[in-house]
Amino acid sequence: MKRFNVPFILLGIIILISSCSSNKKNEESITFGVMSSMDYLPLAVAEREGYFTKHGITVKIQKFLSANERDAAIQSGVVDGTVTDYTSAALVNAAGFKLKLTSKCQAPFYIVAGSESGVNNLSELKGKKIAVSQNTVIDFCVDMALQSVGLNQNDVQKIEVNKIPLRLEMMRNNKIDATGLPNPFALIAKNDNCKLIASMDSLGYTVTGMGFTEKAIENKSENIKKMYAAYNDGAEYLRTHSIEDIRDILTKDLGFPQALIEQVEIPAYTEAKPLTISDSDLQAVIKWLADRKLIDNSFNINELIDSNLTK
């Protein structure tokens with residue numbers, strides 16, 4: 001009769017239980033990528049107010065300084081999902097990586113001109129140096145802003161600058177004439193006597209959203225729905241509380257200077273809304289990318305959307 005080594009059997013059982021526990025914990029948690037913008041403010045509120053815990057989900061928020069860093073993280077599996085722009089999401093999908101847009105975001109981008117640029121409106125951008133992060137929402141926004149006054153990208157000098165803080169600093173130092181910025185950077189620029197010459201919502205565009213990898217949707221769909229429930233609670237909190245109630249989030253999480261808090265305008269956040277293939281903003285982005293031959297004309301928008309997670 002064989003003799004069993006009890007200590008080794010017990011060790012194996014402990015390792016197995018630990019592994020199962022670790023896998024279960026991983027399935028119940030979501031790592032979500034953001035950049036410093038108002039798009040993720042409801043999630044920042046949800047984190048502080050304990051709404052993730054309330055809905056039985058662990059969410060780790062990871063911050064990035066550029067769209068390139070964010071996209072690299074999503075494709076390498078460092079994060080399950082992210083706040084992204086439609087342009088980047090479409091390009092990632094066209095390259096073969098399945099990222100699904102699951103809802104719209106509601107914070108605007110701004111076209112900002114430097115204090116010594118001589119630019120006071122969109123028409124005066126002609127011939128000026130404009131910093132963009134190529135093929136991202138900023139590039140798209142600049143083109144749409146130019147188009148609204150009868151200009152195109154050949155009428156300006158585009159300068160490639162990926163990181164948002166660097167674009168702001170270059171404009172402060174008069175190395176560029178204008179750029180596209182989200183808040184808090186747009187408000188910081190305005191406080192430095194730069195001019196907000198257009199907002200994308202005033203031009204009729206909302207071109208950012210939240211998205212998740214196909215793998216995360218397959219393995220964590222119920223927990224993504226819980227995250228959205230917490231997001232909706234965060235949006236409700238923002239509708240019913242004052243700026244002072246979120247001063248700590250605006251300064252610590254989003255990077256607004258204390259002195260500018262009273263000037264912050266909070267978007268009218270609603271519950272998370274799914275995207276559809278008929279969304280005009282998404283259609284405009286797909287056309288823009290196709291016109292630039294960055295995606296094929298046969299690109300299937302259906303492959304870019306999952307509208308079942310916000311319900």
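Remember, predicted model here, so these are calculated numbers, not experimental data.
Shortest non-hydrogen contact noted between Leu181 and Ala189 is CD1-CB, 4.2 Å. Residues Ser133 and Asn162 come closest through the heavy atom pair OG-OD1, 3.1 Å. The nearest pair of heavy atoms linking Phe97 to Gln75 is CE1-O, 3.5 Å. Nearest heavy atom pair, residue Asn152 against residue Leu146, reads O-CD1, 3.7 Å. Nearest heavy-atom pair, Pro267 versus Pro108, reported as atom, atom and distance to 0.1 Å: CG-CD, 4.3 Å. Across all their heavy atoms, Ser36 and Pro182 have their closest contact at O-CG, 4.4 Å.
Counting heavy atoms of neighbouring residues, nucleotides and ligands inside a 6.0 Å radius, atom CG of Leu196 exceeds 12 of them. Dense packing is recorded around NZ of Lys226, with more than 12 heavy atoms of other residues, nucleotides or ligands lying under 6.0 Å away.
Within the 4.5 Å cutoff, the side chain of Leu43 has heavy atoms near those of the Ile61 side chain. Looking at heavy atoms from C-beta onward, Asp71 lies out of side-chain contact with Phe64 at the 4.5 angstrom threshold. Looking at Asn191 and Gln263, their side chains come closer than 4.5 Å, going by heavy atoms from C-beta outward. In this structure, the side chains of Leu41 and Ile266 come closer than 4.5 Å at one or more pairs of heavy atoms. Side-chain contact check for Ile188 versus Pro257: some heavy-atom pair is nearer than 4.5 Å. A heavy-atom distance below 4.5 Å is not found between the side chains of Lys126 and Val149. Residues Tyr40 and Phe32 fail the side-chain proximity criterion, which asks for heavy atoms closer than 4.5 Å. Side-chain atoms of Leu254 and Ile249, non-hydrogen and from C-beta on, do get closer than 4.5 Å to each other.
Residue pairs meeting the salt bridge (Lys or Arg N to Asp or Glu O under 4.0 Å) criterion with at least one member in residues 248-265, sequence neighbours excluded, are Arg48-Asp248, Lys63-Asp253, Arg247-Glu262. A salt bridge (Lys or Arg N to Asp or Glu O under 4.0 Å) check over residues 180-208, counting only residues at least two apart or in different chains, returns the pairs Arg172-Asp192.
Glu69 has a carboxylate O that lies under 4.0 Å from a charged side-chain N of Lys163, or vice versa, which qualifies the two as a salt bridge.
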Could you go through the salt bridge (charged side-chain N to carboxylate O under 4.0 Å, His left out) check for Arg70 and Asp85 one step at a time? CA-CA 11 Å; Arg70 176 200 64 205; Asp85 58 83; 3.2 Å; yes
Assess whether side chain to side chain contact (heavy atoms under 4.5 Å, CB included) is satisfied between Ile217 and Lys98, documenting all intermediate values. CA-CA 10 Å; Ile217 292 172; Lys98 299 303 180 184; over 6 Å; no
Pair Thr82, Thr84 - check side chain to side chain donor-acceptor pair (under 3.5 Å), show working. CA-CA 6 Å; Thr82 185; Thr84 186; 5.7 Å; no
Between Ile286 and Tyr86, does a side chain to side chain contact (heavy atoms under 4.5 Å, CB included) hold up when you go through it step by step? CA-CA 8 Å; Ile286 297 303; Tyr86 297 172; over 6 Å; no
Checking side chain to side chain contact (heavy atoms under 4.5 Å, CB included) for the pair Asn135/Leu91: CA distance, chi angles, key distance, verdict? CA-CA 9 Å; Asn135 301 332; Leu91 288 171; 3.8 Å; yes
Applying side chain to side chain donor-acceptor pair (under 3.5 Å), run through Gln62 and Thr31 and close with a yes or a no. CA-CA 7 Å; Gln62 186 163 334; Thr31 303; 5.9 Å; no
Test Tyr110 against Leu187 for side chain to side chain contact (heavy atoms under 4.5 Å, CB included), laying out the working first. CA-CA 10 Å; Tyr110 300 87; Leu187 185 56; over 6 Å; no
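A chain of hydrophobic side-chain contacts below 4.5 Å, direct or via other Ile, Leu, Val, Met, Phe, Trp or Tyr residues, connects Leu275 to Ile301. Grouping the Ile, Leu, Val, Met, Phe, Trp and Tyr side chains by contacts below 4.5 angstrom, directly or via other members, places Val156 with Leu203. Residue Met38 is not grouped with residue Ile111 when hydrophobic side chains (ILVMFWY) are merged at heavy-atom distances under 4.5 angstrom, including chains of intermediate members. Linking ILVMFWY side-chain heavy atoms closer than 4.5 Å, directly or via other members, places Tyr269 and Met200 in two distinct hydrophobic clusters. The hydrophobic clustering, which links ILVMFWY residues whose side-chain heavy atoms are closer than 4.5 Å, places Leu151 and Trp288 together.
Side-chain N or O atoms of Lys128 include none that pairs as donor or acceptor with a backbone N or O of Ala178 at under 3.5 Å. Using a distance-only test at 3.5 Å, with no hydrogens or angles considered, a donor-acceptor pair links the side chain of Thr179 to the main chain of Ala131. Formation of a donor-acceptor pair under 3.5 Å by the Ser221 side chain with backbone atoms of Glu218 is not found in this model. Side-chain N or O atoms of Asn121 include one that pairs as donor or acceptor with a backbone N or O of Glu124 at under 3.5 Å. No donor-acceptor pair under 3.5 Å is formed between the side chain of Asp143 and the backbone N or O of Gln153. Looking only at distances, no side-chain donor or acceptor of Glu303 sits under 3.5 Å from a matching main-chain atom of Asn93.
With sequence neighbours excluded, no residue satisfies salt bridge (Lys or Arg N to Asp or Glu O under 4.0 Å) with Lys273. Looking at residues two or more places apart in sequence or on another chain, you find no salt bridge (Lys or Arg N to Asp or Glu O under 4.0 Å) involving Asp245. Lys215 meets the salt bridge (Lys or Arg N to Asp or Glu O under 4.0 Å) test with no other residue; sequence neighbours excluded.
Between Ser37 atom OG and Asn183 atom CG the span is 9.0 Å, to the nearest 0.5 Å. The distance from atom NZ of Lys158 to atom CG of Asp155, rounded to the nearest 0.5 Å, is 11.0 Å. A distance of 11.5 Å separates CD1 in Ile305 from OG in Ser103, rounded to the nearest 0.5 Å. Phe140 CZ to Gln147 CD: the interatomic distance, rounded to the nearest 0.5 Å, is 8.5 Å. With rounding to the nearest 0.5 Å, the separation of CZ in Arg167 from CD1 in Ile138 is 5.0 Å. Going from atom NZ of Lys129 over to atom NZ of Lys175 covers 10.5 Å, rounded to the nearest 0.5 Å.
No option in Asn223, Asp233, Thr102 other than Thr102 meets the side-chain hydrogen bond (donor to acceptor under 3.5 Å, both in side chains) test with Tyr228.
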Which atom pairs, donor and acceptor, lie under 3.5 Å between side-chain atoms of residues 204-214 and protein residues at least two apart or in another chain?
| residue | atom | partner | partner atom | Å |
| --- | --- | --- | --- | --- |
| Thr208 | OG1 | Asp39 | OD1 | 3.3 |
| Thr213 | OG1 | Ala216 | N | 3.0 |

